[in-house]
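Working notes for the structure below.
We're numbering straight along the sequence, starting at 1. Predicted model only: the values in this text are computed from it and were never measured.
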Amino acid sequence: ESDRGWVKMDYSSEYLRWLAAKKILESQGIEAPPFRQLRKSLSKNTLKAYAEAVRRYQFSYHGLLPAKTENILEYVNNQKHSLSPGSLKVFIAAISKWHSDMRFEDPTKDTAVRILIEHIQKTSSHETRHRPSLKFSDLIKMTDFLDEIIYDEKIEDLLPQSMRYLSSTRNKSILLLGYWHSLSHQQIVDIHLSDLEFNDEGVNIRLSEPSSKDNRIFVPRLKHYCPTKAIEDWINASLLKKGPLFRKITSGGIEPKCFTPKSLDAIISSISKGAGTEHSFSYTALSKGLALNKNNHDKTNEQIFSEVE
């Protein structure tokens, strides 16, 4: 039996957005489609960004919804100097989703919209912000840094471990799992012990927020920098039996609830600073780093795994 129990989905914010949209449509003499509770496939952060983009268009710019292609082209042209190309692309995706959800024809699908966005991307004066990606050499340096703390802080197995030992053991499993399998912030913090199935080859993990149709990933055992071994070490050190896998650790011990997705950025940043890496990394740099290594060397996950087995 899952230790999560039955989860009651909260659709209150979705319902309120539907009510607001219904009011706008009815003021224009348009009948709104009925409210339907749908399980969201997009992350919470993405939905939040979409809602903010629609709000900006609707209330700050007084844009019409449902919109026509001309409305979208006018807004994008008007905002191209104040918003970055990335923000405009978020707006296009948000407007597209709004029309799709409300069963209206999508004005962003017009070729003119795509051509305009591409033109803005090529000619925009906005500076693209390049965040450094974590290289495999950085992963080694950061893991070795944590291993030194774990070794120095290790106490006999029968005695309670120090807060620093527990934090480093937890952080090592987050670091390795996040790097090798490119999991999102939300996917990491949502992992429960009941989602793990260990075997001789590795561990199967059920994800609550799938990045594809398959919501399970397999984490193989590696000879070096192994996420499966790191997770096992964390479970053994924490003595956790059920509930969230990754939790906040205080002087009072390990807390029962999982920490927030934003906490991951602070954790990875702290590790990189302590390890003395060239850049201070965020959690996002983990997944980007693996993609960079694969692209630069034209390698698959299996080939990269084989190098550390």
Side-chain angles (χ1 to χ4, degrees), residues 128-155 161-189 191 202-203 205 217-238 245-249 254 259-309:
T128 304
R129 188 179 174 187
H130 293 289
R131 294 181 179 178
S133 296
L134 192 144
K135 300 176 183 177
F136 185 58
S137 57
D138 296 315
L139 178 76
I140 293 174
K141 197 169 187 178
M142 293 165 70
T143 306
D144 290 350
F145 165 72
L146 292 173
D147 279 339
E148 287 182 14
I149 298 176
I150 292 169
Y151 179 82
D152 292 340
E153 294 286 330
K154 176 69 175 176
I155 307 174
Q161 301 297 332
S162 69
M163 178 179 169
R164 196 160 182 247
Y165 173 86
L166 291 172
S167 296
S168 298
T169 306
R170 178 203 63 190
N171 293 350
K172 180 181 175 181
S173 60
I174 292 173
L175 175 67
L176 294 175
L177 182 59
Y179 180 85
W180 284 119
H181 294 276
S182 305
L183 300 185
S184 70
H185 293 66
Q186 197 66 49
Q187 286 172 330
I188 282 283
V189 301
I191 296 174
V203 58
I205 303 179
I217 61 168
F218 177 67
V219 183
R221 293 187 185 275
L222 308 174
K223 287 185 179 178
H224 309 287
Y225 307 102
C226 175
T228 300
K229 178 66 164 58
I231 293 172
E232 288 175 329
D233 289 344
W234 161 237
I235 293 174
N236 291 333
S238 63
L245 176 61
F246 299 120
R247 315 177 188 199
K248 187 176 180 180
I249 300 171
I254 302 173
F259 44 53
T260 63
K262 287 185 178 180
S263 302
L264 293 176
D265 288 322
I267 288 172
I268 299 304
S269 175
S270 175
I271 298 171
S272 67
K273 288 177 182 177
T277 56
E278 183 180 355
H279 302 285
S280 177
F281 297 107
S282 67
Y283 178 81
T284 305
L286 297 184
S287 57
K288 287 186 177 180
L290 179 58
L292 179 68
N293 286 336
K294 288 196 292 185
N295 291 336
N296 286 351
H297 300 93
D298 212 16
K299 297 175 181 177
T300 64
N301 266 15
E302 290 73 19
Q303 288 172 319
I304 296 175
F305 285 146
S306 67
E307 293 180 3
V308 292
E309 284 183 342

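- Under the 4.5 Å side-chain criterion, counting only non-hydrogen atoms from C-beta, Ser167 is in contact with Met163.
- Here the CD1-CG distance, from Ile271 to Asn171, works out to 4.5 Å after rounding to the nearest 0.5 Å.
- Going from atom OH of Tyr151 over to atom OH of Tyr165 covers 12.5 Å, rounded to the nearest 0.5 Å.
- Using a cutoff of 4.0 Å between basic side-chain nitrogens and carboxylate oxygens, Asp233 and Lys172 are not scored as salt-bridged.
- Note on Arg221 versus Glu232: salt bridge recorded, some NZ/NE/NH1/NH2 to OD/OE distance being below 4.0 Å.
- The OH atom of Tyr179 lies 11.0 Å from the CE atom of Met142; values are rounded to the nearest 0.5 Å.
- Contact annotation: the side chain of Leu176 never approaches that of Ile231 to less than 4.5 Å [non-hydrogen atoms, C-beta and beyond].
- Asp265 places a side-chain N or O within 3.5 Å of a backbone atom of Tyr283 that can act as its donor or acceptor partner.
- Note: Ile268 CD1 to Leu175 CG = 5.0 Å, rounded to the nearest 0.5 Å.
- In this model, no donor atom of one side chain and acceptor atom of the other lie less than 3.5 Å apart for Ser269 and Ser272.
- Note on ring orientation: taking the six-membered ring where Trp is involved, the planes of Phe246 and Phe259 are parallel (angle under 30°, cut-offs 30° and 60°).
- Within the 4.5 Å cutoff, side-chain heavy atoms of His185 are placed close to those of Thr284.
- Side chains of Val203 and Phe218 form no contact here, defined as non-hydrogen atoms less than 4.5 Å apart.
- The minimum heavy-atom distance between Pro220 and Cys226, with the atom names listed, is O-SG, 4.1 Å.
- Contact check for Leu177 versus Ile205: side-chain heavy atoms found under the 4.5 Å cut-off.
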**Q.** side-chain contact (heavy atoms from CB on, under 4.5 Å) assessment of Leu245 paired with Ile235
**A.** CA-CA 8 Å; Leu245 176 61; Ile235 293 174; 3.9 Å; yes
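- Distance alone, capped at 3.5 Å, places no donor-acceptor pair between the Ser270 side chain and the Ile267 backbone.
- Expressed to the nearest 0.5 Å, how far CD1 of Ile174 lies from OG1 of Thr169 amounts to 11.0 Å.
- In this structure, Pro227 and Leu222 approach most closely via the heavy-atom pair CD-CD1, 4.1 Å.
- The CZ atom of Arg247 sits 8.0 Å away from the CH2 atom of Trp234 when rounded to the nearest 0.5 Å.
- Side-chain N/O atoms of His279 and Asp138 include no donor and acceptor closer than 3.5 Å.
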